[in-house]
Amino acid sequence: MEYFANNFNWLEESLGHVEDDYILFDCPGQIELYTHLPVMKQLVEQLQQWEFRVCGVFLVDSQFMVESFKFISGILAALSAMISLEIPQINIMTKMDLLSKKAKKEIEKYLDPDMYSMIEDSTNILKSKMFKKLTKSICGLIDDYGMVRFLPFDRSDEESINIVLQHIDFTIQYGEDLEFKEPKECEEDKSALVDEYFQDHVDE
């Protein structure tokens, strides 16, 4: 990645500047690239200098997020990337189609989490007296920022794919010269649509 960062001239020639290009960078999964190394930040800044509108899409495996302590780890990683890269970011729980009906029901609370109630309902790992103060401080940090929310992504559900794509398009205002884009659901009824998504899959 550092070699790549030193050869942005090649990247500029490869990308070109065709109007309305929609370019996806499938980035490496090593979290250090988005937390304390400067490489991805340099890439973002270079793309912005070339007048590309940039949006980060942070993917977390939903099968990893079914326990509170793992969820807190995932949400901290997402928050760290947001702060480091300083670009709009869409956070997505992937592989929803691989979860059991019970797991889908359990994971609903992680899409719009109440961090403090999560501590009370969590496993003994988070209730450890040794780390109680630290855990409470971490949950307070996440709650105070209030920046990290997740969208469910189910590749077998066209509606789920469209919702994620519309959020990304809205963030970068893709094709704004043609028409103004808005996410399919407004913030106030977002939870209702998420509930409807889960209800549909529980009924199946």
Side-chain angles (χ1 to χ4, degrees), residues 24-27 29-31 33-35 40 54-123 126 135 138-172 181-202:
L24 304 180
F25 288 85
D26 186 5
C27 300
Q30 285 82 1
I31 191 62
L33 288 172
Y34 317 100
T35 54
M40 296 306 296
V54 184
C55 168
V57 181
F58 192 88
L59 308 179
V60 178
D61 191 330
S62 59
Q63 296 173 298
F64 173 78
M65 302 282 269
V66 293
E67 295 176 286
S68 296
F69 67 95
K70 291 181 179 179
F71 171 76
I72 291 174
S73 173
I75 206 171
L76 282 175
L79 181 59
S80 180
M82 292 174 74
I83 294 171
S84 175
L85 298 180
E86 297 181 318
I87 56 174
Q89 180 168 300
I90 307 295
N91 302 299
I92 298 175
M93 281 195 191
T94 63
K95 303 180 182 177
M96 296 295 293
D97 50 304
L98 300 182
L99 294 178
S100 66
K101 291 182 179 179
K102 181 180 178 182
K104 284 181 180 178
K105 201 67 182 172
E106 279 292 311
I107 213 166
E108 281 187 65
K109 63 184 179 182
Y110 298 127
L111 296 174
D112 191 14
D114 180 346
M115 299 308 301
Y116 293 104
S117 65
M118 193 172 290
I119 298 176
E120 299 302 320
D121 298 337
S122 191
T123 64
L126 286 184
T135 303
I138 290 173
C139 290
L141 173 70
I142 295 170
D143 199 64
D144 290 344
Y145 267 89
M147 294 170 60
V148 182
R149 293 293 182 271
F150 289 92
L151 293 173
F153 184 82
D154 182 341
R155 68 175 184 172
S156 65
D157 184 350
E158 187 176 347
E159 183 72 7
S160 171
I161 296 171
N162 285 335
I163 288 173
V164 169
L165 182 59
Q166 287 174 5
H167 274 78
I168 295 170
D169 284 349
F170 175 74
T171 300
I172 61 176
K181 293 181 178 290
E182 292 184 356
K184 182 163 186 176
E185 72 275 20
C186 296
E187 190 64 32
E188 56 267 19
D189 63 359
K190 175 180 174 182
S191 59
L193 281 180
V194 169
D195 291 341
E196 181 181 343
Y197 165 82
F198 281 106
Q199 188 58 48
D200 290 343
H201 285 72
V202 169

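Note that the structure is predicted; figures quoted are calculated from it, not measured. Along the sequence shown, residues carry numbers from 1.
R149 contributes atom CZ, which lies 7.0 Å from atom CD1 of I75 (distance to the nearest 0.5 angstrom). A distance of 13.0 Å separates NZ in K95 from CG in D154, rounded to the nearest 0.5 Å. How far CG of D61 is from CG of L99: 8.0 Å, rounded to the nearest 0.5 Å. Atom CG of N162 and atom CG of D169 lie 10.0 Å apart (nearest 0.5 Å). Rounding to the nearest 0.5 Å gives a distance of 10.0 Å between CG of L76 and CD1 of I31. For the atom pair CG (L98) and NZ (K104), the distance works out to 9.0 Å, reported to the nearest 0.5 Å.
Closest approach of T94 and S62 over heavy atoms only: O-OG, 2.6 Å. Between E86 and I83, the shortest heavy-atom contact is CG-O, 3.3 Å. Here the shortest heavy-atom pairing between T171 and C55 reads CG2-SG, 3.7 Å. Contact record, A78 with V148: CB-CG1, 4.1 Å, taken as the closest heavy-atom pair.
F71 places a side-chain heavy atom less than 4.5 Å from the side chain of M93. Side-chain contact between F150 and I92 is absent, with no heavy-atom pair separated by less than 4.5 Å. Counting heavy atoms from C-beta outward, M96 and S160 have side chains that stay 4.5 Å or more apart. Contact annotation: the side chain of I72 approaches that of C139 to within less than 4.5 Å [non-hydrogen atoms, C-beta and beyond].
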Go through the steps for I90 and F58 under the test side chain to side chain contact (heavy atoms under 4.5 Å, CB included), then give the verdict.
CA-CA 6 Å; I90 307 295; F58 192 88; over 6 Å; no

